[in-house]
**Q** 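Supplied in structure tokens, the structure appears directly below.
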Amino acid sequence: MTGEELAEEPAGYGADDPRASPQMTARGMRRRRRVDFVLMVTGAAVLVTSTLVAKRGVYGWEVAIFQAINGLPGIIRPYLWVLNQYGTVVTVPVATVAALLFRKWLLALSFAISGVAVYFLAKVIKEYVERGRPSAILEGVVERETFSPDSLGFPSGHAAVAWAITIIVLAYMGRPWQIAAIILAIVVPISRMYVAAHLPLDLIGGAALGVTVASAVNLLIGVPRLAPAENTRAGPNTDEKDDLSDHRI
């Protein structure tokens with residue numbers, strides 16, 4: 001191996017590490033962008049479809065699923081309440097500050113942009129669909145939270161925030177964090193039906209909104225060159241250098 005070839009290898013990686021190959025890194029980046037593009041297009045398609053369907057009314061399958069979840073025993077409420085905080089509006093600034101504390105500037109920027117975008121887009125879509133909360137549509141609803149009589153249900157802001165954060169975590173962090181984020185993104189919509197905040201279609205639309213926005217942000221900003229897209233077992237990058245130094249668009 002010549003001196004020039006050695007100079008091309010990124011410092012800190014052995015010859016057996018696939019990340020030591022600039023060509024492998026380029027393939028990993030292209031693969032990451034393809035994944036984000038597919039997620040964005042799929043999420044947008046689901047969001048548009050669910051929005052048009054929700055505007056037409058409520059469906060029998062929604063009622064059946066909602067009643068099954070809403071009718072679960074009250075003893076589980078404290079546990080679901082804790083997990084439900086993952087989708088609150090407070091989650092976004094907390095996640096952003098945590099990323100800043102660890103000097104993960106791109107991660108923090110992705111959290112902030114995605115959170116603000118889904119918040120305002122959800123409001124716009126709510127006004128377009130004008131679908132109320134379950135208690136305003138169905139009878140025999142067990143309300144475990146208090147909602148304004150004129151508040152709207154579609155899409156779910158909690159589901160949008162939870163899935164936006166999850167998509168970003170999948171792009172930036174290691175497998176344990178990815179698994180935890182996916183579990184929470186599934187539990188949050190269930191808890192929203194349990195407290196009678198949303199019907200299933202509200203949650204599908206919210207999740208689609210979060211996936212669409214976060215994937216678009218990943219495409220716009222890009223992800224660090226050595227993000228877990230190339231090594232899914234890796235945890236958060238602990239290099240003292242911030243991830244901007246490894247960033248390529």
Side-chain angles (χ1 to χ4, degrees), residues 39 42-92 114-115 117-167 181-215:
L39 286 173
T42 303
V46 174
L47 176 60
V48 171
T49 302
S50 60
T51 299
L52 295 176
V53 172
K55 190 171 177 62
R56 297 180 61 181
V58 178
Y59 304 86
W61 63 270
E62 285 192 276
V63 176
I65 294 174
F66 172 79
Q67 290 177 340
I69 301 299
N70 184 241
L72 291 174
I75 193 172
I76 66 175
R77 181 182 179 184
Y79 306 102
L80 289 182
W81 182 88
V82 172
L83 297 174
N84 185 53
Q85 303 315 302
Y86 181 67
T88 62
V89 69
V90 179
T91 309
V92 174
S114 298
V118 297
Y119 177 80
F120 284 105
L121 285 174
K123 284 186 170 295
V124 172
I125 299 173
K126 282 178 186 288
E127 294 299 327
Y128 171 74
V129 175
E130 295 185 324
R131 186 158 98 152
R133 301 283 184 180
S135 60
I137 302 172
L138 307 176
E139 295 182 357
V141 173
V142 181
E143 288 192 281
R144 296 183 173 91
E145 285 187 9
T146 302
F147 303 102
S148 172
D150 58 349
S151 64
L152 301 173
F154 185 96
S156 166
H158 275 68
V161 169
W163 275 99
I165 292 176
T166 296
I167 292 298
I182 291 173
I183 291 174
L184 287 170
I186 294 172
V187 171
V188 166
I190 293 175
S191 70
R192 298 308 286 165
M193 285 188 284
Y194 176 74
V195 301
H198 295 288
L199 294 169
L201 203 53
D202 303 342
L203 301 164
I204 293 173
L209 174 60
V211 170
T212 302
V213 170
S215 299

**Q** Hey, are the side chains of Val195 and Glu143 touching, using non-hydrogen atoms and a 4.5 Å cut-off?
**A** no

**Q** To the closest 0.5 Å, what do you measure between OG1 (Thr166) and CD1 (Ile183)?
**A** 10.5 Å

**Q** Taking Thr212 for its side chain and Ala44 for its backbone only, find out whether a donor-acceptor pair lies under 3.5 Å.
**A** yes

**Q** Which value, rounded to the nearest 0.5 Å, describes the distance between Leu152 atom CG and Arg133 atom CZ?
**A** 8.0 Å

**Q** Between Val188 and Leu83, is the side-chain contact (heavy atoms from CB on, under 4.5 Å) condition met? List the steps.
**A** CA-CA 7 Å; Val188 166; Leu83 297 174; 5.8 Å; no

**Q** Got a donor-acceptor contact below 3.5 angstrom from the Asn70 side chain to the Val142 backbone?
**A** yes

**Q** Any chance you could lay out the side-chain contact (heavy atoms from CB on, under 4.5 Å) test for His158 and Asn84, step after step, and finish with the verdict?
**A** CA-CA 8 Å; His158 275 68; Asn84 185 53; 3.6 Å; yes

**Q** Under 6.0 Å from the CG atom of Leu52, do we count more than 12 heavy atoms belonging to anything else shown?
**A** yes

**Q** Is there side-chain contact between Pro155 and Ile125, with at least one heavy-atom pair below 4.5 Å?
**A** yes

**Q** Quick one: does Thr49's side chain have a donor or acceptor within less than 3.5 Å of a partner on Val46's backbone?
**A** no

**Q** With distance as the sole test, does His198 use its side chain to make a donor-acceptor pair with the main-chain N or O of Gly153 at under 3.5 Å?
**A** yes

**Q** Which heavy atom of Ala185 sits nearest a heavy atom of Tyr86, and at what distance?
**A** N-CE2, 4.1 Å

**Q** Are any of the side-chain nitrogens in Glu62 or Arg131 under 4.0 Å away from the carboxylate oxygens of its partner?
**A** yes

**Q** Relative to Tyr194, does Arg144 satisfy both conditions: NZ or CZ under 6.0 angstrom from the six-membered ring centre, and within 45 degrees of the ring's axis?
**A** yes

**Q** Look only at the side chain of Thr91 and the backbone of Gln85, and say whether a donor-acceptor pair between them is shorter than 3.5 Å.
**A** yes

**Q** Check for a donor-acceptor pair, side chain of Ser50 on one end and backbone N or O of Leu201 on the other, with a separation under 3.5 Å.
**A** no

**Q** Identify the two heavy atoms, one from Val118 and one from Leu209, that lie closest to each other, and give their separation to 0.1 Å.
**A** O-CD2, 3.8 Å

**Q** Indicate whether the side chain of Tyr79 and that of Ser191 have a donor and an acceptor atom separated by less than 3.5 Å.
**A** no

**Q** When you measure from the centre of the six-membered ring of Tyr128, is the NZ or CZ of Lys55 closer than 6.0 Å and no more than 45° off the axis?
**A** yes

**Q** Stepwise, does the salt bridge (Lys or Arg N to Asp or Glu O under 4.0 Å) test hold for Glu145 with Arg192?
**A** CA-CA 10 Å; Glu145 285 187 9; Arg192 298 308 286 165; 3.4 Å; yes

**Q** Identify the two heavy atoms, one from Ala207 and one from Trp163, that lie closest to each other, and give their separation to 0.1 Å.
**A** CB-CD1, 3.4 Å

**Q** Of the non-hydrogen atoms in Ile167 and Ser215, which two are nearest, and what is the gap between them?
**A** CG2-OG, 3.8 Å

**Q** How far apart are the closest heavy atoms of Phe66 and Pro134, and which atoms are they?
**A** CZ-CB, 3.6 Å

**Q** In terms of heavy-atom contacts, does OH of Tyr119 have more than 12 from other residues, nucleotides or ligands at under 6.0 Å?
**A** no

**Q** Going through the checks in order, is the side-chain contact (heavy atoms from CB on, under 4.5 Å) test met by Thr51 and Val129?
**A** CA-CA 7 Å; Thr51 299; Val129 175; 3.5 Å; yes

**Q** Under 4.5 Å between any side-chain heavy atoms of Val63 and Gln67, yes or no?
**A** yes

**Q** Closest heavy-atom contact between Trp61 and Pro200?
**A** CZ3-CB, 3.8 Å

**Q** Determine, stepwise, if the pair Leu138 / Leu199 fulfils side-chain contact (heavy atoms from CB on, under 4.5 Å).
**A** CA-CA 10 Å; Leu138 307 176; Leu199 294 169; 3.8 Å; yes

